[in-house]
Amino acid sequence: MDFSITADQKLMQETLVRALGEISSLDRVRAYAGDRGDAGADVWNALKDFGLPGLLIPEEHGGLGLKLLDAVLAAEALGRAVAPVPFLGACLAPLALIGGGSQDQQRTWLPGLAAGDIRAAVAISEPIAGTRDGAGVKAEAGKLTGKTLFVEGGLEADLIVVADTGGRLHLVRGDAAGLSRELMVSIDQTRRLAELGFDGVAAEPLSGDLLPRLRDAAWALLAADALGACDVMIEKAVAYAQERKQFGRVIGSFQAVKHMCAEMAAEVEPARSLVWYAAYAFDEGLDDASLCCAHAKAYLGEAGRFVARTSTEVHGGMGITDLLGLHFWFKRIGLDRQLLGGPERVRDWAARLQGLAA
Amino acid sequence: MDFSITADQKLMQETLVRALGEISSLDRVRAYAGDRGDAGADVWNALKDFGLPGLLIPEEHGGLGLKLLDAVLAAEALGRAVAPVPFLGACLAPLALIGGGSQDQQRTWLPGLAAGDIRAAVAISEPIAGTRDGAGVKAEAGKLTGKTLFVEGGLEADLIVVADTGGRLHLVRGDAAGLSRELMVSIDQTRRLAELGFDGVAAEPLSGDLLPRLRDAAWALLAADALGACDVMIEKAVAYAQERKQFGRVIGSFQAVKHMCAEMAAEVEPARSLVWYAAYAFDEGLDDASLCCAHAKAYLGEAGRFVARTSTEVHGGMGITDLLGLHFWFKRIGLDRQLLGGPERVRDWAARLQGLAA
Amino acid sequence: MDLRLTPEMEAFRDEVRGFLEAHRDHYAPGAAADRPREAALAWQRLLIEHGYAARTIPKEYGGYGAQPDILKTRIIAEEFTRAGAPRGLANQGISMLVPTLLEVGSEEQKQAWIGKTLRGEVVWCQGYSEPGAGSDLASLQTKAVEDGDDFVISGQKIWTSTAAQADMIFCLVRTEPDAPKHDGISYLLFSMKTPGIEVRPLKTMTGSAEFNEVFFTDVRVPKSSVVLGRGKGWFVANATLKHERGMLGDPNATEARLHSLIELMKTETVDGRPLIADPVFRDRAMALQSKVLAMKFNGLRGLTASMRGEPAGMAGLVVKLQGCELNHQIAALAIDALGELGVLYEDGPHLRAKGSWQWNYMFDLGLIIGGGTAQIQKNIISERGLGMPREPKLAKA
Amino acid sequence: MDLRLTPEMEAFRDEVRGFLEAHRDHYAPGAAADRPREAALAWQRLLIEHGYAARTIPKEYGGYGAQPDILKTRIIAEEFTRAGAPRGLANQGISMLVPTLLEVGSEEQKQAWIGKTLRGEVVWCQGYSEPGAGSDLASLQTKAVEDGDDFVISGQKIWTSTAAQADMIFCLVRTEPDAPKHDGISYLLFSMKTPGIEVRPLKTMTGSAEFNEVFFTDVRVPKSSVVLGRGKGWFVANATLKHERGMLGDPNATEARLHSLIELMKTETVDGRPLIADPVFRDRAMALQSKVLAMKFNGLRGLTASMRGEPAGMAGLVVKLQGCELNHQIAALAIDALGELGVLYEDGPHLRAKGSWQWNYMFDLGLIIGGGTAQIQKNIISERGLGMPREPKLAKA
């Protein structure tokens with residue numbers, strides 16, 4: 001029985017965190033945030049060296065052949081660095097191809113995805129988080145029609161995994177005729193969302209009932225991203241409280257400020273184990289995998305909001321300025337909370353899974 | 001425009017509070033709590049001098065002819081003193097008789113009620129807070145059958161106003177054949193609840209749709225009772241924090257303790273105005289009376305739980321002992337929260353009232 | 001308890017209503033952060049003339065000269081809201097400097113500034129907070145060194161809204177560096193055109209620059225700029241801060257926000273179902289309604305106390321803490337109920353209410369922090385409201 | 001991350017399971033607060049013999065003498081829970097005194113007390129807290145004055161569970177009144193039959209007396225009762241408190257409580273509809289489930305750290321604060337979901353689960369306060385976990 005990450009995993013994560021300190025410095029994040037034309041290609045390219053694009057792709061297709069637990073550790077590092085990288089597609093598209101793609105489809109796409117030369121996105125918002133603004137994609141005779149919203153990395157993707165309104169998955173090429181893409185500006189300036197329009201777009205179906213698995217993985221990854229961002233917000237609050245003086249003493253010596261920091265840590269620390277376990281259960285196909293992925297997402301949604309707000313408060317006025325840039329983490333956590341379902345919706349689903357709701 | 005209680009009302013309330021310090025001292029409350037045979041007759045009799053039994057009964061019938069706002073101020077005082085007095089029946093039965101009783105019925109009951117020689121209770125739990133354990137009373141051909149739960153003051157009442165499952169009200173004499181009463185022991189040892197059984201009990205119907213009005217008044221009164229109890233719990237916490245020393249200083253000088261007290265006060269203070277307004281709106285027949293009575297009940301339910309817990313925490317270990325007796329207030333607030341509907345149920349009703357829920 | 005209005009007050013209400021109907025063509029809003037345009041200045045003059053702005057400021061200083069009557073003030077506020085009429089100019093000069101000068105200014109200062117400020121001819125900004133002096137404002141370090149008939153000012157201010165548009169600044173500086181910290185501060189009035197002043201916009205998390213930093217390098221102002229006297233600045237500033245606190249946590253605005261939230265939840269749908277049909281979100285909306293109503297009536301209670309010249313007591317002390325939190329929570333629920341749509345911001349066809357829910361969510365967090373953090377508010381409530389001990393003095397390290 | 005068990009551990013699990021099946025007739029619970037009866041003593045002896053109690057205590061002191069193996073300990077715990085088998089004696093003597101004596105007791109003390117305590121032949125109570133010394137335990141005032149070969153003890157202890165049933169007490173007293181407060185305390189072991197000891201039950205809000213007050217009037221005990229040495233009591237006590245902290249916040253128990261809550265919500269109805277069908281209560285139950293699962297896996301993570309001899313760090317520091325709060329919240333939801341039925345207590349035909357939800361709601365609040373209040377826990381998390389400053393020393397008044 002070993003409830004911990006391995007030394008290798010720890011090293012991988014630490015190395016990634018250190019590297020992201022350079023690759024995705026606050027200055028770099030700022031530049032990306034301020035320029036919609038900046039696709040963050042340098043950041044993506046630097047991450048290729050870590051094999052990040054191929055993390056979940058089997059070695060035979062040029063990937064690292066690792067598991068969701070590893071991807072989750074990487075997501076934590078990306079969240080820490082508020083890295084301008086869409087990571088959901090890089091994890092979920094391979095899962096879809098491996099689980100439901102033909103040998104042909106796998107051979108066509110996986111090597112390029114593993115190398116990071118092909119970028120992927122997944123469009124699964126409506127069947128998971130609900131249909132808004134008349135969105136939803138219909139599949140008929142190999143053609144997709146309709147629109148789908150909130151596609152992380154959808155603007156630049158060469159390959160898009162699209163869920164239709166029935167929950168079946170389809171592969172769409174980024175250069176397919178009839179496909180349109182539109183930026184959806186969110187509070188989080190570090191990950192761009194897209195609206196995708198389909199006007200009779202050619203698509204290849206994937207086999208099997210894969211959407212639940214994509215959902216589980218996505219929830220664990222978003223939870224991990226928020227976890228990493230929360231850790232940073234707590235660290236920054238503690239550091240600021242030990243440095244900032246008011247009334248002749250560091251504010252971190254005021255009990256109210258100490259307790260705010262303690263409450264953040266107490267909320268977040270147990271979540272780490274939940275996120276790890278959720279990914280492990282996913283990898284091992286354990287019975288409670290779906291439930292734990294859902295709870296990880298819901299827990300971090302709530303804890304994230306608390307930490308984002310409380311850390312900002314500890315920073316006082318500085319916390320709300322752009323000078324410090326704390327808001328990049330605040331907003332990253334805000335998007336992690338809502339994307340693919342807010343806590344209430346995810347919990348409702350957890351209840352359904354256990355037969356507690358109709 | 002005058003949003004305040006009058007000097008007379010203030011004086012009445014202060015006098016009552018002072019008198020209850022004697023009538024319902026903690027020792028007296030303890031004795032009542034410890035002896036199920038103790039009916040608190042002395043407390044009730046002492047309150048007769050204040051006209052409390054006839055507060056809402058017109059002067060022509062021997063009462064004070066006052067309004068719900070006055071009753072609410074009295075309820076606040078009773079809550080402060082955790083007085084072993086069932087007060088709901090004393091307010092609601094007259095409202096029912098005045099609103100829906102015949103002249104005969106009014107003449108029969110109101111003078112005795114006003115004098116406090118006749119005790120009344122209202123049995124309205126099921127149509128308001130929901131049916132549990134198969135409760136509910138059916139009316140057929142002037143006879144009541146079934147059972148009703150959670151009747152405050154139901155054990156000793158000479159007159160009972162009973163709501164049937166259709167929400168119509170009936171008058172039942174305490175000595176009616178086929179009526180049975182059973183104590184329902186709750187956490188709150190200062191007000192006894194009863195289960196009433198009806199085995200073809202003779203009853204006189206009251207006319208009109210009075211249940212909503214009784215509900216509004218009951219909610220305002222329970223909110224006021226909790227408000228009074230909350231005030232005491234805050235005062236006791238502040239006093240204890242200024243007297244108890246640990247680490248060489250009064251604990252009230254620790255910021256964490258100060259902030260706990262501040263948070264209690266900040267939660268409770270606005271509620272005072274809400275409770276006053278709810279009662280005023282009830283008295284004046286304003287459009288938002290029902291809504292505000294509901295919100296007063298819900299608000300104090302939530303704030304009450306927070307204050308009960310937080311004040312106990314400020315008292316440390318002493319807070320949970322019987323020595324200090326703080327728990328009498330804790331439990332009083334606990335019953336106020338649940339009786340005739342917890343906050344969630346009351347809010348659901350508030351939403352229905354505004355057409356926001358089906 | 002009697003919330004009815006007297007016939008006199010009903011008549012006053014009719015009068016205000018009549019004015020607003022008659023002058024609908026003159027409505028011209030003057031945004032707080034900008035220099036008012038001519039139409040706004042004209043509207044402001046009209047309002048002062050009729051006593052709907054600067055109502056209780058003496059006539060000799062350019063006001064309307066009415067006796068304070070809180071109920072009339074409230075009726076005016078209600079009728080303007082009802083008519084959708086702009087309230088006239090609202091800026092820190094009017095809300096903070098004018099009351100301060102009335103209280104402690106010299107006759108010359110009153111004559112020089114109050115009228116022009118009221119009419120919008122002079123726009124002010126506030127120079128209080130510094131990077132090192134936030135909650136602990138009295139530790140401010142911007143220094144003003146005596147040089148002949150002048151002070152020479154060096155240092156930095158922060159959180160200065162309107163600095164770029166302002167003609168003048170009312171500013172706290174340290175004139176007596178050797179005095180105890182509260183006694184070494186002076187309150188100066190000087191032109192923002194004075195050489196040596198640099199204004200840099202301060203962008204916040206909302207993405208816009210609602211504030212500025214202001215840098216002073218050897219800024220020379222005459223000694224006559226001092227209000228009340230050297231070393232009296234802390235006293236003067238507290239008179240001003242008192243006026244600021246009243247501005248935060250307006251229950252009518254909060255009620256309007258809740259109303260918008262409920263409208264949003266009635267009209268927006270997910271999976272074809274209105275958001276309000278979700279019992280979890282609905283329950284949260286109702287819990288917020290409980291609090292909004294409580295704050296509304298708490299405000300009326302405070303108003304009655306003010307009308308009688310009584311202190312508002314605890315009912316007043318909790319307004320900032322509870323009011324700001326409530327606004328923040330209303331915005332939070334809107335975001336949550338909107339789901340993924342709730343994260344949209346700035347522009348785009350799916351954006352709701354121009355992104356104002358997210359904007360409010362962030363800006364309100366700033367208000368929770370600004371003007372006395374929630375922690376400072378809790379100190380105040382426990383110390384002034386509950387009589388608990390002040391933070392004890394520390395032993396020297 | 002590998003939660004599978006090795007074949008060796010699976011075999012061990014089978015062994016435990018086999019034992020429990022074979023000895024079903026011997027099951028005999030020994031309630032924590034009472035003196036164990038003979039059947040419970042026999043069961044305890046059987047458990048020690050097989051290594052399911054006192055597992056890692058050396059054989060020479062009456063234990064089983066196994067090497068510490070946290071995983072085996074956990075397997076034992078799981079299998080006993082699964083079988084519904086009583087865990088053997090759990091009292092403060094076994095959980096706190098025995099580990100303390102093993103760490104700092106003299107050979108003679110170990111020989112004298114450990115075996116008897118493990119076998120339940122001697123029952124202990126704990127004399128730590130005093131009315132004036134709660135969070136600030138080191139300020140305790142019960143004094144022990146030297147008189148020949150004895151100490152003469154006067155003072156009062158509080159929160160002493162099992163005091164009425166106990167044979168012996170381990171007790172903190174002040175032996176050196178002039179020493180700095182942490183250095184003047186000694187840790188004594190003495191008989192509760194000693195003349196001059198009076199035990200008064202201390203009733204709490206639950207209505208029962210889970211604790212006692214213990215009064216000492218000229219209680220004479222030999223100096224040889226001291227553990228480790230005079231003035232070393234604070235050090236000894238901290239060794240003991242460390243063991244107590246581990247006892248609070250058991251995630252398995254919390255998980256079982258949540259399970260009961262959900263069962264309750266599935267079976268209870270209002271207006272004929274199961275409580276779980278109410279989306280608002282259901283959402284709260286699910287939010288609690290998020291936290292219960294997080295605490296469960298946090299516990300496994302801590303277990304792994306312990307198995308490796310690594311400190312549990314922040315994952316360990318938060319257990320008491322979060323665990324106690326979670327239990328309290330589970331009880332609160334049960335009460336709320338039950339509506340008016342939720343307030344019933346003590347007896348009566350409508351009472352659910354013998355009133356245990358209300359009992360837990362109150363008792364858990366006591367646990368939030370006891371053993372280091374939530375405020376003290378937050379101090380510890382911020383200081384030890386986050387490295388923030390300790391409460392600064394105050395200037396002399």
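A note on names: the letters A, B, ... follow the listed sequences, proteins ahead of strands, and every chain is numbered from 1. When reading the values below, keep in mind they use all heavy atoms of this one structure, side chains included, and skip hydrogens, waters and symmetry mates.
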Q. Passes side-chain hydrogen bond (donor to acceptor under 3.5 Å, both in side chains), B/H259 versus C/Q375? Steps please.
A. CA-CA 8 Å; B/H259 284 195; C/Q375 287 63 51; 5.6 Å; no
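- Of the listed residues (B/A303, B/A271, B/C261, B/A298), the greatest number of heavy-atom pairs within a distance under 4.5 Å of chain C belongs to B/C261.
- Shortest non-hydrogen contact noted between B/M12 and B/L73 is CE-CB, 4.2 Å.
- Exactly one of C/R301, C/E310, C/R308 qualifies for a side chain to side chain donor-acceptor pair (under 3.5 Å) with B/S4. That residue is C/R308.
- Only the side chain of B/V250 comes within less than 4.5 Å of a heavy atom of chain C; its backbone N, CA, C and O stay farther away.
- There is no contact between C/L317 and chain B, counting heavy-atom distances below 4.5 Å.
- Under a cutoff of 6.0 Å and an axis angle of 45°, B/R213 and B/F282 form a cation-pi pair.
- When heavy atoms are compared at a cutoff of 4.5 Å, C/L321 approaches chain B solely by way of its side chain, counted from C-beta outward.
- For chain C, the nearby parts of B/L356 are the backbone and the side chain; heavy atoms of each come within less than 4.5 Å.
- Both the backbone and the side chain of C/A287 come within contact range of chain B, judged by heavy atoms closer than 4.5 Å.
- In this structure, chain B has no heavy atom under 4.5 Å from any part of C/M265.
- Contact count versus chain B (heavy atoms, under 4.5 Å) is highest, among C/T304, C/N379, C/I262, C/V318, for C/T304.
- Ranked by heavy-atom pairs under 4.5 Å with chain C, the list B/A350, B/A296, B/A351, B/A294 is led by B/A351.
- For the options B/Y299, B/F254, B/Y277, B/W276, heavy-atom pairs under 4.5 Å to chain C are most numerous at B/Y277.
- With a 4.5 Å cut-off on non-hydrogen atoms, C/K296 does not touch chain B at all.
- Within the 4.5 angstrom heavy-atom criterion, no atom of B/E302 approaches chain C.
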Q: Decide side-chain hydrogen bond (donor to acceptor under 3.5 Å, both in side chains) for C/R273 and C/T269; before the verdict, give the C-alpha distance in whole Å, the side-chain angles of both, and the deciding distance to 0.1 Å.
A: CA-CA 5 Å; C/R273 202 166 154 239; C/T269 63; over 6 Å; no
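- Counting non-hydrogen atoms of other residues, nucleotides and ligands closer than 6.0 Å to CG of C/D271 gives a total above 12.
- With chain B as the partner, the residue from C/R390, C/M314, C/K266 showing the most heavy-atom pairs under 4.5 Å is C/M314.
- Of all the listed residues (B/E235, B/M260, B/E263, B/Q9), the one sharing the greatest number of non-hydrogen pairs under 4.5 Å with chain C is B/E263.
- Counting only distance, with no hydrogens or angles, the side chain of C/D69 and the backbone of C/K72 share a donor-acceptor pair below 3.5 Å.
- Counting heavy atoms from C-beta outward, C/I335 and C/L338 have side chains that stay 4.5 Å or more apart.
- Here C/L333 contributes atom CG and C/L275 contributes atom CG; the two are 9.5 Å apart, rounded to the nearest 0.5 Å.
- One distance of note links SG of B/C293 with CG of B/L222; it measures 11.0 Å at 0.5 Å rounding.
- Between chain C and the options B/V257, B/V238, B/V275, heavy-atom pairs under 4.5 Å are most frequent for B/V238.
- For C/L71, the part lying under 4.5 angstrom from a heavy atom of chain B is the side chain only.
- Between the side chains of C/Q322 and B/E267, at least one donor N or O sits under 3.5 Å from an acceptor N or O.
- Proximity to chain C is limited to the side chain of B/A241, based on heavy atoms less than 4.5 angstrom apart.
- The candidate with the highest count of non-hydrogen atom pairs below 4.5 Å against chain B, out of C/M388, C/M1, C/M286, is C/M1.
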